[in-house]
Amino acid sequence: MKNVFDILDERGYIEQLTHPQEIKQLFAKESVPFYIGIDPTADSLHVGHFVSLMVASHMQRYGHKPIILVGGGTATIGDPSGKTDMRKMLSKEDIEHNVACIKKQVEKFISFEGENAAIIVNNADWLLDLKFVEFVREIGSLFSVNKMLAAECYKQRLETGLTFFEMSYMLMQSYDFLYLYNKYGCKLQMGGNDQWSNIIGGVDLIRKIGKDDSFGLTFKLLTTKEGKKMGKTEKGALWLDPEKTSPYEFYQYWRNIEDSSVDNVLKMLTFLPIEQINELANLKDEQINEAKKIAAYEITKLIHGEEEAKKAEEASNALFNGQGSLENMPTVELDSTPLSLVDAIVLTNIAPSKGQARTLINQGGISLNDEKITDINYQISDKDFSTGYAILKKGKKIFYKLQKKNMD
RNA sequence: GGGUAGGUGGCCGAGUGGCUAAAGGCGGCAGACUGUAAAUCUGUUCUCAUUCGAGUACGAAGGUUCGAAUCCUUCCCUGCCCA
């Protein structure tokens with residue numbers, strides 16, 4: 001059997017490793033319990049977590065045991081890494097709700113049954129009961145403040161201010177690793193590269209207490225060529241929850257990525273064989289659109305299932321190539337006609353306010369049934385529904401199907 | 001605890017009594033060009049009413065003034081230096 005290490009490597013997941021040689025040998029030698037942490041700061045995962053789950057899935061396929069740590073305890077603090085401001089704290093109820101939602105999404109990637117079944121743990125279970133003095137004496141004494149301050153993740157914060165509260169985040173994450181090491185024999189922590197400092201904190205902690213088989217690995221963050229984080233949309237993050245980001249929008253996001261990201265996205269976010277990916281990524285110019293279609297389809301399938309992926313693909317074909325049915329595009333029902341175009345735009349959330357709806361119309365960004373409309377007083381009436389529905393379009397890529405509620 | 005500099009629209013950052021819904025940049029959106037790409041150029045970017053206009057907004061609450069983001073008072077928060 002191939003070593004997962006090579007898989008992770010050839011697919012470009014790996015950014016940094018604490019002990020490259022040893023980690024590779026470890027993978028070959030035994031089934032390694034490893035953990036990735038997820039902060040339950042929202043009730044859905046987003047693309048940022050996607051990469052972590054992909055890696056965990058690859059690892060599990062090769063016989064290693066995933067431990068998904070949900071940071072119910074640490075979320076009460078908020079990781080200061082890379083943030084310029086202290087994060088707002090979440091209530092206990094929020095966190096519990098979020099944990100439950102996250103669990104469902106994780107199940108799409110990782111099996112909780114079988115030989116190397118994954119487990120989910122919540123660090124609230126051990127962190128909340130810690131005694132302060134005890135913790136500081138036993139764990140805190142093993143951390144050098146000088147070293148921590150030198151860490152990249154704190155440097156930025158040193159300029160704007162950093163509280164002790166936030167600094168202890170690293171200690172807690174390190175303690176998590178130690179706890180999992182002791183309880184489940186967890187030897188490896190994985191995470192996004194922004195977690196590097198926290199990860200080596202844990203690796204060092206375990207080594208300081210006399211063990212030498214703790215390791216850390218970080219993945220590359222998904223970024224565009226300019227280094228912008230991927231997964232941002234005009235509405236904020238690209239969520240994995242279909243209620244927050246519809247499968248159609250999700251599909252379209254990947255369909256529209258820039259050429260230079262195709263290779264990365266295919267490798268990191270799909271399970272397509274590497275040979276096929278290399279072929280696809282080599283397509284030039286206009287042809288690379290084929291690769292994007294495949295990427296969008298595969299990624300959507302992973303998150304939302306085959307059926308939703310097909311629907312999204314079909315809707316997109318219908319809209320952009322004029323073939324196939326319009327049935328599956330996002331639809332909004334209208335109570336009554338006539339309705340002003342401005343109102344319809346706000347109703348469909350195409351624009352958040354009437355003012356913005358008007359600017360859109362004025363700038364020629366709105367069309368109805370393929371006809372550009374520049375009259376801000378336009379009233380949508382029955383004649384726009386001659387085919388039974390009306391297509392409202394913003395810009396080139398955002399479509400909504402309007403339908404009347406009571407067709408009589 | 002003492003001293004000092006600050007808190008401005010999604011972010012960064014000008015503005016120090018009326019011409020300020022507040023320069024500039026970033027980000028976002030739209031238009032042109034394209035391949036549902038990138039880059040570039042143009043427009044736009046608080047809310048309601050697009051006719052005039054009105055309402056909210058410069059950490060919070062009060063006050064001075066015909067008029068305040070700009071002045072005064074109290075409070076909250078943050079940086080830096082000293083202890």
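Just so you know, these numbers come straight off a predicted model, no measurement behind them. Proteins come first, then strands; the chains are lettered A, B, ... in the order of their sequence lines, and each starts at number 1.
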Practice problem: Please confirm whether any donor atom in the side chain of A:Q363 sits under 3.5 Å from an acceptor in the base of B:G31, or the reverse. | Solution: no
Quiz item: Heavy atoms under 4.0 Å, any strand shown: does A:L319 hit a base, just sugar-phosphate, or nothing?
Solution: nothing
Quiz item: Taking A:K310 as the fixed residue, which of A:E307, A:E314, A:E308, A:E306 is the one that meets the side-chain contact (heavy atoms from CB on, under 4.5 Å) rule?
Solution: A:E306
Practice problem: State yes or no: are the ring centers of A:F399 and A:F320 separated by less than 6.0 Å? | Solution: yes
Exercise. Let me know the distance between CG of A:N256 and P of B:A39, rounded to the nearest Å.
Key: 13 Å
Quiz item: What interatomic distance, in whole Å, is found between C1' of B:C71 and the corresponding atom of B:G3?
Solution: 24 Å
Exercise. Starting at CZ of A:R255, measure out to OG1 of A:T300 and round the result to the nearest 0.5 Å.
Key: 11.5 Å
Quiz item: Could you walk me through whether A:D204 and A:K208 pass the salt bridge (charged side-chain N to carboxylate O under 4.0 Å, His left out) check?
Solution: CA-CA 6 Å; A:D204 284 346; A:K208 272 188 183 141; 5.6 Å; no
Quiz item: Taking A:S174 for the side chain and A:G202 for the main chain, is one N or O donor matched with an acceptor at less than 3.5 Å?
Solution: yes
Quiz item: Given the C1' atoms of B:G1 and B:G9, what is the spacing between them in whole Å?
Solution: 37 Å
Practice problem: Step through it carefully: locate the ring centre of A:Y251, locate the ring centre of A:Y297, and say whether they are under 6.0 Å apart. | Solution: no
Quiz item: Taking the same atom, C1', in B:A5 and in B:G24, what whole-Å distance lies between them?
Solution: 23 Å
Practice problem: Round to the nearest Å and state the distance from A:K393 atom NZ to B:G31 atom P. | Solution: 8 Å
Quiz prompt | Nearest-angstrom distance, C1' atom, B:C12 to B:G18 | solution = 28 Å
Self-check item: Inter-nucleotide C1' distance (B:A68, B:A57), Å rounded
Solution: 13 Å
Practice problem: Return the value, rounded to whole Å, for the distance between atom CG of A:D259 and atom P of B:U36. | Solution: 12 Å
Scan nucleotides 56-59 of chain B against the protein and return all N/O pairs shorter than 3.5 Å with their distances rounded to 0.1 Å.
none

Quiz prompt | Gap in Å between the two C1' atoms, one belonging to B:G25 and one to B:G15, rounded | solution = 15 Å
Quiz prompt | 5' precedence on RNA chain B between A:N317 and A:G395 (nearest-nucleotide basis) | solution = A:G395
Quiz item: Can you tell me how far the CD atom of A:Q189 sits from the CG atom of A:D176, to the nearest 0.5 Å?
Solution: 8.0 Å
Self-check item: d(CD1, A:I366; C1', B:C29) in whole Å
Solution: 11 Å
Exercise. For RNA chain B, write out the stems as range with range, using runs of 3 or more consecutive Watson-Crick or G-U pairs with both distances under 3.5 Å.
Key: B:1-7 with B:76-82, B:10-12 with B:24-26, B:27-32 with B:40-45, B:46-48 with B:53-55, B:59-63 with B:71-75
Exercise. Begin with the C-alpha distance, continue with both residues' side-chain angles, and end with the deciding distance and a verdict on salt bridge (charged side-chain N to carboxylate O under 4.0 Å, His left out) for A:D382 and A:K404.
Key: CA-CA 9 Å; A:D382 288 353; A:K404 285 199 286 183; 2.8 Å; yes
Quiz item: So, A:N116 side chain and A:Q60 main chain: donor-acceptor pair closer than 3.5 Å or not?
Solution: yes
Quiz item: Please give, in whole Å, the distance from B:C29 P to A:I350 CD1?
Solution: 14 Å
Quiz item: Are the aromatic rings of A:F215 and A:H19 close, with centres under 6.0 Å apart?
Solution: yes
Quiz item: A:L360 side chain: which of B:G35, B:A37, B:C29 is closest?
Solution: B:C29
Quiz item: Looking at A:D6 and A:K24, does any basic side-chain N land under 4.0 Å from a carboxylate oxygen?
Solution: yes
Quiz prompt | Ring centroid separation A:F135 to A:Y175 under 6.0 Å | solution = yes
Quiz item: How long is the line joining CD of A:E290 and P of B:U36, in whole Å?
Solution: 11 Å
Quiz prompt | Nearest-angstrom distance, P atom, B:A61 to B:C66 | solution = 23 Å
Quiz item: Would you find a donor on one side and an acceptor on the other, under 3.5 Å apart, between the side chain of A:Y181 and the backbone of A:I206?
Solution: no
Quiz item: Any idea which of B:A32, B:U36, B:G35 is nearest the A:K396 side chain?
Solution: B:A32
Quiz prompt | B:U36 OP1/OP2 closer than 4.0 Å to side-chain N/O of A:K394 | solution = no
Quiz item: Between B:U45 and B:C26, how far is it from one C1' atom to the other, in whole Å?
Solution: 13 Å
Produce the list of close N/O pairs, under 3.5 Å, pairing protein atoms with atoms of nucleotides 45-50 of chain B; give distances to one decimal.
unit_1	atom_1	unit_2	atom_2	d
B:U47	OP1	A:S353	OG	2.8
B:U47	OP1	A:Q356	NE2	2.9
B:C48	OP1	A:K354	N	3.1
B:C48	OP2	A:K354	N	3.4
B:C48	OP2	A:G355	N	3.1
B:A49	OP1	A:K354	NZ	2.9
B:A49	OP2	A:R358	NH2	3.2
B:U50	O4	A:N362	ND2	2.7

Quiz item: To the nearest Å, how far apart are A:I361 CD1 and B:C29 C1'?
Solution: 14 Å
Quiz item: A:D285 has an atom CG; how far is it from atom C1' of B:A39, in whole Å?
Solution: 15 Å
